[in-house]
Amino acid sequence: MPELPEVETVRRSLEPRITGHRIEAVDVRRRDLRWPIVDEFEERLRGRSIRALERRAKYLLIRLDDDATWVVHFGMSGTLLFHESRRERFDKHDHVVVDLAAGGQLVFNDPRRFGSMSIHEGDDAQLFEGVGPEPLDEVGFNGEYLFAHGKRTSRVLKDVLMDQRVVAGLGNIYVNEALFLAGLRPRRALRRLTRDDCERLAQSVRTIISEAIEHRGSSISDFLDGVGRMGGYQWRRRVYGREGESCAACGSTIKVIVVGQRSSFYCPTCQR
DNA sequence: GTAAACCTGGCA
DNA sequence: TGCCAGGTTTAC
């Protein structure tokens, strides 16, 4: 589910509701997520106040008043929902329940358990070691960066953009959409692109990610923000999940191929 | 590099 | 029943 725009949407929805609040109780109902929740998790959170909410790549970073960070990754199916009043009955996939002193409650739900949660001490450097630049950072991520990277790899565009070490936060939906906007096929080799191609591709990534954040992410099957609202970008998809439909730009039939084990949707006419 | 693995639910 | 899914790690 969540790529960068969805995580950012969760961050924005939760920020005004939980910033400054103190954590009163923590109930871990299931510890075997993608990485097991450590035994000390509850005691590290209990009594702390939430100082700020940030995001890096696809990680939600909940800053605590002791300078530790509560790190959340949503995997494919995770949600973190804020409830104004506490609940007592839980779904079988509600794995972590955090009660706030003011009366609210945060519930982490994740049917597939590809998500994870941990407490990180100190600064973020080691946490994000090897993670690529944010796509909206024009200094770290731009056409020249992609062009230079192309000199070091024979990989195809789809693989490169999906690689979190190259650029952080993109996933299958938005890589497909960015490649459509750039007019480039998923199987094109990065090393074969011109500087102009790379510039257009970097710009397309930024455009798609910005639009997706504006529209509060994509709810294709089950994404919800921090208060249970669906996103709106699913209505604006141009290729992802549209196999067999006609391209809005040219009318050709959208095709799907598998690249790097993931479905890649593209318009055979608009993308070359 | 490429594939298989993790896990559950929904749909053909 | 089998295949597919917004992700990431691990193992040939």
Side-chain angles (χ1 to χ4, degrees), chain A residues 1-11 29-37 55-60 71-80 90-95 108-118 127-132 135 149-150 152-180 186-187 189-191 205 208-209 211-213 215-226 229-244 256-265:
Chain A
M1 174 235 311
E3 303 180 33
L4 186 157
E6 287 74 32
V7 180
E8 179 61 22
T9 299
V10 171
R11 190 196 71 75
R29 300 162 46 82
R30 237 195 124 133
R31 314 194 83 87
D32 55 338
L33 306 186
R34 182 68 173 81
W35 293 284
I37 295 181
R55 179 199 56 74
R56 169 81 167 99
K58 298 173 187 172
Y59 293 84
L60 179 66
V71 183
V72 182
H73 194 287
F74 295 94
M76 291 278 257
S77 56
T79 57
L80 185 60
F90 297 101
D91 180 89
K92 66 171 166 173
H93 301 303
D94 288 339
H95 305 313
F108 182 76
N109 180 290
D110 186 4
R112 295 178 72 179
R113 282 185 281 124
F114 285 178
S116 63
M117 203 171 270
S118 62
L127 196 54
F128 296 111
E129 190 179 336
V131 175
H149 188 77
R152 305 193 275 117
T153 183
S154 54
R155 299 162 82 199
V156 299
L157 299 180
K158 179 69 188 297
D159 288 338
V160 172
L161 294 178
M162 291 287 286
D163 186 342
Q164 302 298 300
R165 297 169 300 184
V166 176
V167 56
L170 305 186
N172 208 21
I173 296 178
Y174 300 116
V175 168
N176 276 277
E177 295 299 317
L179 287 172
F180 174 81
R187 286 206 178 117
L190 178 60
R191 69 194 312 167
V205 166
I208 292 295
I209 293 299
E211 284 181 5
I213 291 172
H215 290 270
R216 304 180 39 264
S218 301
S219 293
I220 284 170
S221 71
D222 53 16
F223 168 69
L224 298 174
D225 75 2
R229 294 175 302 199
M230 288 185 23
Y233 197 78
Q234 64 276 16
W235 309 115
R236 297 182 65 93
R237 281 174 296 147
R238 288 173 260 217
V239 286
Y240 182 85
R242 290 196 124 73
E243 182 195 5
V256 61
I257 55 177
V258 174
V259 184
Q261 303 185 99
R262 310 294 295 274
S263 294
S264 291
F265 303 86

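First the proteins, then the strands, lettered A, B, ... as listed; each starts at 1.
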Inspect the contact between Asp110(A) and Arg34(A) and indicate whether a charged nitrogen and a carboxylate oxygen are less than 4.0 angstrom apart. no

State plainly whether the residues Arg29(A) and Asp94(A) are in salt-bridge range, i.e. N to O under 4.0 Å. no

Assign the ring pair Phe108(A) / Phe74(A) to parallel, tilted or perpendicular, where the plane angle (0 to 90°) is split at 30° and 60°. tilted

First of Ser154(A) and Arg34(A) reached from the 5' end of DNA chain B, by closest nucleotide: Ser154(A)

Distance check: side-chain N/O of [X] vs OP1/OP2 of [N], anything under 4.0 Å?
{"X": "Lys92(A)", "N": "dG9(B)", "answer": "yes"}
{"X": "Ser263(A)", "N": "dC4(C)", "answer": "no"}
{"X": "His93(A)", "N": "dG9(B)", "answer": "yes"}
{"X": "His73(A)", "N": "dG7(C)", "answer": "no"}

From [atom1] of [X] over to [atom2] of [N], roughly how many Å is that when rounded to an integer?
{"X": "Asp91(A)", "N": "dT8(B)", "atom1": "CG", "atom2": "C1'", "result": "12 Å"}
{"X": "Phe265(A)", "N": "dC4(C)", "atom1": "CZ", "atom2": "C1'", "result": "10 Å"}
{"X": "Arg155(A)", "N": "dT2(B)", "atom1": "CZ", "atom2": "P", "result": "9 Å"}
{"X": "Arg30(A)", "N": "dC6(B)", "atom1": "CZ", "atom2": "P", "result": "14 Å"}
{"X": "Met162(A)", "N": "dT9(C)", "atom1": "CE", "atom2": "C1'", "result": "14 Å"}
{"X": "Asp110(A)", "N": "dC6(B)", "atom1": "CG", "atom2": "P", "result": "17 Å"}
{"X": "Tyr240(A)", "N": "dG7(C)", "atom1": "OH", "atom2": "C1'", "result": "11 Å"}
{"X": "Asp32(A)", "N": "dC7(B)", "atom1": "CG", "atom2": "C1'", "result": "10 Å"}

Which part of the nucleic acid does Arg262(A) contact within heavy-atom distance under 4.0 Å: base, sugar-phosphate only, or nothing? base

To the nearest 0.5 Å, atom NZ of Lys158(A) lies from atom CD1 of Ile257(A) at 8.0 Å

Mind checking the P distance from dA11(C) to dC7(B)? Whole angstroms is fine. 15 Å

Is a donor on one side and an acceptor on the other found under 3.5 Å between the side chain of Asp225(A) and the backbone of Thr9(A)? no

Check whether any side-chain N or O of Gln164(A) sits under 3.5 Å from a backbone N or O of Gly132(A) as a donor-acceptor pair, and report yes or no. no

Between the base of dT8(B) and the side chain of Arg113(A), is there a donor and acceptor pair under 3.5 angstrom? no

Decide yes or no for Met117(A) and Val71(A): does some side-chain heavy atom of the first lie under 4.5 Å from some side-chain heavy atom of the second? no

With DNA chain C as reference, determine whether Gln164(A) or Arg112(A) sits nearer its 5' end, using the nearest nucleotide of each. Arg112(A)

Considering only side-chain heavy atoms of Gln261(A), which listed nucleotide, dT9(C), dA4(B), dC7(B), is closest? dA4(B)

Of the listed nucleotides (dA5(C), dG9(B), dT9(C)), which one gets closest to any side-chain atom of Pro111(A)? dG9(B)

Bracket notation of DNA chain C in which parentheses pair within the strand, [ ] cross earlier pairs, and | pairs with another strand (Watson-Crick or G-U, under 3.5 Å): |||||.||||||

Do Arg56(A) and Phe128(A) form a cation-pi contact, if we require the NZ or CZ to be under 6.0 Å from the six-membered ring centre and within 45 degrees of the ring's axis? yes

Phe114(A) stacking on dT8(C): centroids under 5.5 Å, ring planes under 30°? no

